[in-house]
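Since the structure comes first, as structure tokens, the remarks are kept for the end.
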Amino acid sequence: MHALLLSAGLGTRLRPVTNTIPKCLVPIAGRPLMSYWLELLFANGVERVLINTHYMAEKVQEYVANCPWHDRITLVHEDELLGTGGTVLNNEQFFGAKTFFVAHADNLVSFDFAGFCNAHHNSNKYNQTPITMMTFETDTPQACGIVESDENDIVIAFHEKVAHPPGKRANGAIYIFEPDILEFLKSLNKDVIDISTEVLPLFMGRIATYHNDIYLRDIGTVKSLKQAEYDVQNGLYDTNKYNTELRGQNYAIR
């Protein structure tokens, strides 16, 4: 499987931290956020990873050139941001005609990669769901895309950052896609495409969900970054095991 780590954002909510470093390289317990992602993906059989760059691209290039996985990583620069779906479409050749993985690289996550892939395969086989979305329980539902699903865990409604969301199960911005999605993106006849607002709403009833009850935190604010630091430093996050102590618990930074 090939994977895309979306890494080109400006990280404005994380300023002043991101005044001097791109969001994907923000250090957590002494390690760049990107390193957590690359370790997880390559440890679970991903063959190649594509990373898009824009803001402070030279820092990402330098990091990749010196990281242990540099020969399995492809960098692609965007002079103008293409949006999440636009980046996928612009790199169609990288994915080929195979199932592929896409994630916003501004999350710190731990999950059962094989379980995610199996859930996608089984749902697509029986329910014809070309997208599987990772979900998680959020403590800030107004700031997330909240998901409603049926008894088969198929998305039936999606509420993107609304004032009174109907629950706390949120889109983790981590997906597995079938290559059919590329044809859909082409049909939009646009260069700049957003997955959350221009793709997901048109696939209601055809998006499977896989719930991550292990660990997922959006490193979007200074407070959230501090929480991630706390979690890693206190053994509440581990890329190499599925720590049952994390399930259903909320460790809040005061």
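Since the structure is predicted, the reported quantities are computational estimates derived from the model, not experimental observations.
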Side-chain heavy-atom pair [X], [Y] within 4.5 angstrom cut-off:
X      : Y      : result
Phe42  : Ile73  : yes
Glu178 : Asn124 : yes
Val109 : Ile214 : no
Asp231 : Arg217 : yes
Asn52  : Leu6   : yes
Ile176 : Tyr210 : no
Met34  : Ile51  : yes
Val26  : Asp106 : no

Residue pairs passing the ring pair (Phe, Tyr, Trp, His ring centres under 6.0 Å) test where at least one lies in residues 184-205, sequence neighbours excluded: Phe184-Phe203

Summary of ring pair (Phe, Tyr, Trp, His ring centres under 6.0 Å) pairs that have at least one residue in residues 137-180, sequence neighbours excluded: Phe100-Phe177, Tyr175-Phe177

Ignoring hydrogens and angles, write down the donor-acceptor pairs under 3.5 Å from the side chains of residues 56-69, residues two or more places apart or on other chains.
unit_1: Asn66; atom_1: ND2; unit_2: Glu62; atom_2: O; d: 2.8

Looking at every heavy atom in both [X] and [Y], which two are closest together, and how far apart are they?
X      : Y      : result
Leu182 : Glu92  : CD1-CG, 3.8 Å
Met1   : Cys117 : CE-SG, 4.1 Å
Ala228 : Ile219 : CB-CD1, 3.5 Å
Ile174 : Ala103 : CG1-CB, 4.0 Å
Ala29  : Gln233 : CB-CG, 4.2 Å
Pro179 : Thr99  : CD-N, 3.9 Å

All salt bridge (Lys or Arg N to Asp or Glu O under 4.0 Å) counterparts of Asp218, not counting sequence neighbours: Arg13

With sequence neighbours excluded, residues passing salt bridge (Lys or Arg N to Asp or Glu O under 4.0 Å) with Glu183: Lys186

Distance (rounded to the nearest 0.5 Å) between [X] [atom1] and [Y] [atom2]:
X      : Y      : atom1 : atom2 : result
Leu108 : Arg31  : CG    : CZ    : 9.0 Å
Phe116 : Met133 : CZ    : CE    : 9.5 Å
Asn127 : Asp153 : CG    : CG    : 9.5 Å
Cys24  : Leu5   : SG    : CG    : 9.0 Å
His70  : Leu75  : NE2   : CG    : 12.0 Å
Tyr126 : His121 : OH    : NE2   : 7.5 Å

Stepwise side chain to side chain contact (heavy atoms under 4.5 Å, CB included) check, Leu81 with Val192: CA-CA 8 Å; Leu81 291 173; Val192 179; over 6 Å; no

Between Glu80 and His54: side-chain donor-acceptor atoms closer than 3.5 Å: no

Pair Thr129, Ser123: side-chain N/O donor-acceptor within cut-off below 3.5 Å: yes

From Thr74, Val102, Val49, residue fulfilling side-chain contact (heavy atoms from CB on, under 4.5 Å) relative to Leu4: Val102

Cation-aromatic face contact Arg48/Phe94, 6.0 Å, 45 degrees: no

Expected output: side-chain Arg72 to main-chain Glu47 donor-acceptor under 3.5 Å: yes

Asn19 (side chain) donor-acceptor with Arg15 (main chain) under 3.5 angstrom: no

Same cluster or not: [X] versus [Y], using hydrophobic residues (I, L, V, M, F, W, Y) connected whenever any side-chain heavy atoms lie under 4.5 Å apart?
X      : Y      : result
Phe95  : Ile193 : yes
Val88  : Leu200 : yes
Val147 : Ile131 : yes

Side chain to side chain contact (heavy atoms under 4.5 Å, CB included) involving [X] - partner list, sequence neighbours excluded:
X      : result
Asn234 : Tyr230, Leu236
Leu82  : Glu78, Thr87, Asn90
Asn152 : Asp150, Ile154

So, using side chain to side chain donor-acceptor pair (under 3.5 Å) as the criterion, who are the partners of [X] when residues are at least two apart?
X      : result
Asn107 : none
Thr84  : none
Ser7   : none

Evaluation steps, side chain to side chain contact (heavy atoms under 4.5 Å, CB included), between Met204 and Ile156: CA-CA 5 Å; Met204 290 298 101; Ile156 56 174; 5.9 Å; no

Residue pairs passing the side-chain hydrogen bond (donor to acceptor under 3.5 Å, both in side chains) test where at least one lies in residues 188-202, sequence neighbours excluded: Lys190-Glu198, Asp194-Thr197

Derivation of the side chain to side chain contact (heavy atoms under 4.5 Å, CB included) call for Leu50 and Val76: CA-CA 7 Å; Leu50 177 71; Val76 58; 3.8 Å; yes

Phe136 and Asn171: CA distance, side-chain angles, deciding distance, side chain to side chain contact (heavy atoms under 4.5 Å, CB included) verdict: CA-CA 7 Å; Phe136 72 108; Asn171 175 11; over 6 Å; no

Ring centre gap for His2 and Phe101 strictly below 6.0 Å: no

